[in-house]
Amino acid sequence: QAALRLLEADSRVARIHLVVTETGARLLSHELGIATGDAKQLPSLLLGAKAAKTEVLPNRDVGASIASGSYPVDAMVVIPCSMGTLAAIASGMADDLVARAADVCLKEGRRLVLCVRDTPFSRVHLENMLRAQQAGAVIMPAIPSYYHQPKTIDDLVAQYVCRVLSQMGLPQPQAYRWEGQGKGRATEV
């Protein structure tokens, strides 16, 4: 759900290069009931409308635009980031487009946000997170916040997505902003 909400928010303000791994496609099918044989239809299926700012790139295409440091990209988010993808990124194993594009972000000093969601963490997971963070990635586990007193699961997802958008330097019009002891507010940007 967080990936869908992020796509919804990003598609209004940014050009998106969407790469869905084989595992990601299985998650979309299982968690959201969305499956397609044509990946290029995926943004429209997810958003329920034409996604003009979203380009779908095959994960096997390590020669795609975002696989080069000469291609301008402001930020990258891997959401959700499996422990296998984290391991590939942390070790520099750029054998698919997600790992290669992440490697490019790290080598170019660009923002890379890894939204890990598997728990509990093993020592290997923690060491991979540390390696990726030391290389410049932001490790952002899918941990909900409660200080904004959420009423629904959607409230939890929305606040998490706002925090991811913030890490990417993008606006978060629905974000709850903490303003001190017992104070806070949702703001419109």
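From a predicted model like this one, the values you see are computed outputs, not experimental measurements.
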### Task
Consider only side-chain heavy atoms of I, L, V, M, F, W and Y, link residues closer than 4.5 Å, and tell whether Y160 and L156 are in one cluster.
no
### Query
Is the shortest side-chain N to carboxylate O distance from E55 to K40 below 4.0 Å?
no
### Query
Are L27 and V161 joined in one hydrophobic group, where the rule is that I, L, V, M, F, W and Y side chains link up if heavy atoms are under 4.5 Å apart?
no
### Message
How close do A3 and I79 get, counting heavy atoms only, and between which atoms?
### Response
CB-O, 3.5 Å
## Note on the structure
Rounded to the nearest 0.5 angstrom, the CG-CZ distance for L130 and R123 is 10.5 Å
#### Entry: Atom CG of D154: over 12 foreign heavy atoms under 6.0 Å
yes
### Query
Could you state the interatomic distance from OG1 (T54) to CD1 (I16), rounded to the nearest 0.5 Å?
4.0 Å
### Query
Are the side chains of V77 and Q167 in touch, meaning some heavy atoms are under 4.5 Å apart?
no
### Query
Does the pair R26/E22 count as a salt bridge with the N-to-O cut at 4.0 Å?
no
### Message
Run D155 and Q159 through side-chain contact (heavy atoms from CB on, under 4.5 Å) and show every step you take.
### Response
CA-CA 6 Å; D155 291 343; Q159 183 66 10; over 6 Å; no
### Query
Do S29 and I34 come close enough that some side-chain heavy atom pair is under 4.5 Å?
no
### Message
Starting from L7, can I reach L45 by hopping between I/L/V/M/F/W/Y residues whose side chains sit under 4.5 Å apart?
### Response
yes
### Task
Apply the test side-chain contact (heavy atoms from CB on, under 4.5 Å) to residues S65 and H17: give CA-CA distance (whole Å), side-chain angles for both, the deciding distance (0.1 Å), then the verdict.
CA-CA 9 Å; S65 57; H17 297 85; 4.1 Å; yes
### Which atom of A87 lies closest to which atom of N128, heavy atoms considered
CB-ND2, 3.5 Å
### Query
If you draw a 6.0 Å radius around CZ in R163, do more than 12 non-hydrogen atoms from other residues or ligands fall strictly inside?
no
### Taking every non-hydrogen atom, the tightest pair across S145 and P150
O-CG, 4.1 Å
### Query
Looking only at heavy atoms, which two atoms of G24 and T21 are closest? And how far apart?
N-OG1, 2.9 Å
### Query
Under a 4.5 Å cut-off applied to non-hydrogen side-chain atoms, are D96 and R100 in contact?
no
### Task
Can you see which heavy atom on A25 is nearest to which on V20, and at what distance?
N-CG1, 3.4 Å
### Any V113 side-chain heavy atom under 4.5 Å of M168 side chain
yes
### Query
With ILVMFWY side chains joined below 4.5 Å, transitively, what does L86's cluster contain besides itself?
V19, L57, I66, Y71, V73, M76, V78, M83, I89, L97, V98, L106, L112, L114, V116, F121, L126, M129, I139
### Query
Could you give the distance from CE (M140) to OG (S166), rounded to the nearest 0.5 Å?
8.0 Å
### Message
Whether the S68 and S70 side chains hold a donor-acceptor pair (N or O, under 3.5 Å, no angle test) is what I'd like checked.
### Response
yes
#### Entry: Minimum heavy-atom distance R110-V104, with the two atoms named
NH1-CG1, 4.0 Å
### Task
Would you indicate whether the side-chain heavy atoms of R117 and P141 approach each other to under 4.5 Å?
no
## Note on the structure
The reported gap from CG in L28 to OG1 in T23 (rounded to nearest 0.5 angstrom) is 11.0 Å
### Message
Please determine whether the number of non-hydrogen atoms from other residues, nucleotides or ligands lying under 6.0 Å from atom CD of Q149 exceeds 12.
### Response
no
